[in-house]
Novice: 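First, the structure itself, so that you have it in front of you.
Every chain is numbered from 1 and lettered A, B, ... according to where its sequence line falls, protein lines coming before strand lines.
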2 protein chains.
Amino acid sequence: MGPSPERRPPVMADVAKVAGVSHQTVSRVLNDHPNVRAETRTRVLRAIDQLGYRRNLVARALVTKHSRTLGVVSFDTTLYGPASTVYGIEQAAREAGYFVSIVSLRTIDRAGVHDAIDYLTDQGVDGIVVVAPQRSAAQALEDMPTGMPAVAVEGGQAGEVSVVSVDQVEGAALATRHLLDLGHETVWHISGPADWLEAEGRVQGWREALTAAGHRVPDVLAGDWSPRSGYRAGKRLAEMTSEVTAVFVANDQMALGVLRAFAEEGVRVPEQISIVGFDDIPESEFFSPPLTTIRQDFGAVGRRSIDVLLRQIEAEGPCERERHVVPPRFVARASTAHAR
Amino acid sequence: MGPSPERRPPVMADVAKVAGVSHQTVSRVLNDHPNVRAETRTRVLRAIDQLGYRRNLVARALVTKHSRTLGVVSFDTTLYGPASTVYGIEQAAREAGYFVSIVSLRTIDRAGVHDAIDYLTDQGVDGIVVVAPQRSAAQALEDMPTGMPAVAVEGGQAGEVSVVSVDQVEGAALATRHLLDLGHETVWHISGPADWLEAEGRVQGWREALTAAGHRVPDVLAGDWSPRSGYRAGKRLAEMTSEVTAVFVANDQMALGVLRAFAEEGVRVPEQISIVGFDDIPESEFFSPPLTTIRQDFGAVGRRSIDVLLRQIEAEGPCERERHVVPPRFVARASTAHAR
DNA sequence: ACAGGGTGTGTTAACGCTCACAGTCTTCCC
DNA sequence: GGGAAGACTGTGAGCGTTAACACACCCTGT
């Protein structure tokens, strides 16, 4: 009786033995090294198949220093925007043969992002994408370990790192100009939370479009992205129907809240007040009325950020910062109309 | 002149040298081994701190055979349900000190899930969570590598693997009974796509509640979860206001479509027709009218699945299948009323 | 004084792979 | 026909960690 068979997964040496070659030749076949005789290659391939061999990527990562894993740090992936972006990132990364390791933060502050980056670095990721929509998160990019390839999504111009983002300013301008073109005296704005770069960009685009066209800039109503905050702002606006005829809401969820508030108060949209949202979530088309909004191509942002990151990883050396801007798109629906 | 300093990250041996101990002692400190003198421990800790040493988890994984990484396979994480579940999974996993590697599938079929599992297995994950809401995906669990700890979320009773899910049947019954209690003759149903286990469960719960109470079971209107499909079904229902007074819609997004269709056709909710949805997405509360619905605790599902998975991983040996059911909750709002 | 059992530490050998180098066997040219 | 260039393959070392063992040391009890 020999030693018990001891079922353990086959390793390269096992394949080598079966194929009658050295482990190194097996490695060469696996890595598509050119100098392997065709006949040898097929013999090795057959042995791999026969044993059901799978190469151990952990051992490989140890020696190559590359794990083919990318880290993603994101804020609350329950929201449509981050979720879509992360989805785009994941698809693009997998197509390029990379694994994706995710850290999703409940609250996003500098310390949280910092920890997440540390955590992923420990795991040995080859690069990191930070979906950093908040100013405080963007700052955390400054303490990225040197030499770690990184890309910020929606990250402002903070730090040394490349940035991919949707042109928020332009999107907001698109919305505002549309309303102005319809003959409205001015456009009110319900903004996102103060710390968010996207919120800031939208305020800026709205304000610029207004002043460029020589219109009055009303006070901003502050929201927090939630439908509820939109609802509250909507209630306030509903009391001012004599002056308010058009409002640009910083995202579709808040716009839903506004719609609800207006419905309760008997304010008709778009007859009395026109509304434009932002994001184009899948629900917007079925709001009552269907929401005119600005579409962000989150998928494109995700894909683009992976492009940039992989280029950085493959360059090996330090790269110069890139800055990519994905254009937003105006989507006309039924929540806007000509001024009375 | 000696050799150039060659800035490479410090390894255990470097720490050992600085602390004046062997690398093994450093390892012991890092792994909280009991037999280390307190004084030695602090010396090592100080050296670690001084050098900024971080242990190489890849090397560790190679020898321990544990990567402390969990794999998650999910269908389209852009949807609220999967996104919330994955979020819950990720939080729970990270709290337990595990990394999470995600594969998000555009289309979920057996081959796709199979590939995803292979992919994650190659990466050396310690266990896999499959968010397998479709029958075809659930089948793919059968070709899970033997010995790989796994949990299915919303996976039916397929295969050998443990399952965590929301009690869809009970949720649908809750919705249906609520409508019946309001005095409606019967309840119509707009279902999810045929292949989905959740859709099936909801149909079943609805049908059972109806027959148990001795009511007629109308034909099912088939939807596909999208607001648009709900809209189409709503249009059809709007033509039948004489017989239809209550409808249970299999998810909130479709309910939104129904609401839109009814608004267009002048059907008043809840005065003429009552509607109950399913999921309780953040928007539902601000639909017009606010939607009565069934809440699924996705976070609980995610956390529970990690519990089960970790127990399986830590047990090392083969475990018996577990089956966990998270109860749904009825959320009363304004889209339902007493029958005329 | 000496066996016995902790406690603390060092030494050596894996883990499964790739890299660098050293071979061997062709082939081709003068 | 000899030598060089190229194609193909094997050998050995090393990646940074943990596991297994060996060893020195201290305490206890007889």
Novice: Using a strict heavy-atom distance below 4.0 Å, which residues from residues 35-43 of chain A are in contact with DNA chain C?
Specialist: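 Within residues 35-43 of chain A, no residue comes under 4.0 Å of DNA chain C.
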Novice: To the side chain of Arg28(A), which of dT9(C), dT9(D), dT18(D) is closest?
Specialist: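 That would be dT9(D).
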Novice: Less than 4.0 Å between a side-chain N and a carboxylate O, is that true for Arg311(A) and Glu322(A)?
Specialist: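 Yes, charged N to carboxylate O under 4.0 Å.
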Novice: Roughly what angle, to 10°, lies between the helix axis at the start of the helix from dA1(C)-dT30(D) to dC30(C)-dG1(D) and the one at its end, five pairs per end?
Specialist: 50°
Novice: Just how far, in rounded Å, is C1' of dT17(D) from CD of Gln24(B)?
Specialist: 9 Å
Novice: Whether Ser27(A) contacts dT18(C) is assessed here as follows: a side-chain N or O lying under 4.0 Å from the phosphate OP1 or OP2. Is that the case?
Specialist: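 Answer yes for this pair, as a side-chain N or O of Ser27(A) is under 4.0 Å from OP1 or OP2.
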Novice: Tell me which pairs pass ring pair (Phe, Tyr, Trp, His ring centres under 6.0 Å) where either residue lies in residues 77-97 of chain B, with sequence neighbours left out.
Specialist: Tyr80(B)-Phe298(B)
Novice: Without hydrogens or angle criteria, can the side chains of Gln91(A) and Arg106(B) be said to hold a donor-acceptor pair below 3.5 Å?
Specialist: yes
Novice: Compare the minimum distances between each of dG10(C), dG12(D), dG16(C) and the side chain of His23(A), then state the nucleotide with the smallest one.
Specialist: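 For His23(A), the side-chain atoms sit closest to dG12(D).
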Novice: Between the side chains of Ser101(B) and Thr69(B), is a donor N or O closer than 3.5 angstrom to an acceptor N or O?
Specialist: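 Short answer, no.
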Novice: Can you tell me how far P of dG10(C) sits from NE2 of His33(B), to the nearest Å?
Specialist: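 Nearest whole value for this atom pair: 13 Å.
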Novice: Where along residues 55-68 of chain A does a heavy atom come under 4.0 Å from DNA chain D, residue by residue in number order?
Specialist: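 Contacts with DNA chain D under 4.0 Å: Leu62(A), Val63(A), Lys65(A).
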Novice: I'd like to check the salt bridge (Lys or Arg N to Asp or Glu O under 4.0 Å) partners of Glu90(A); sequence neighbours left out, ordered by chain and number.
Specialist: Arg94(A)
Novice: Using salt bridge (Lys or Arg N to Asp or Glu O under 4.0 Å) as the criterion, list what pairs up with Asp115(A), not counting sequence neighbours.
Specialist: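 By the salt bridge (Lys or Arg N to Asp or Glu O under 4.0 Å) rule, Asp115(A) matches no residue at all.
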Novice: Mind checking whether Phe75(A) and Trp196(A) have parallel, tilted or perpendicular rings, split at 30° and 60°?
Specialist: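 If you compare the ring of Phe75(A) with that of Trp196(A), the planes turn out perpendicular.
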Novice: Identify, between Met12(A) and Pro34(B), the residue whose nearest nucleotide on DNA chain C lies closer to the 5' end.
Specialist: Pro34(B)
Novice: Is it true that Asp14(B) and Arg8(B) make a salt bridge, defined as a side-chain N closer than 4.0 Å to a carboxylate O?
Specialist: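 Result for this pair is yes, salt bridge flagged.
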Novice: For the pair Arg54(B) and Asp122(A), find out whether any cationic side-chain nitrogen is under 4.0 Å from an anionic carboxylate oxygen.
Specialist: yes
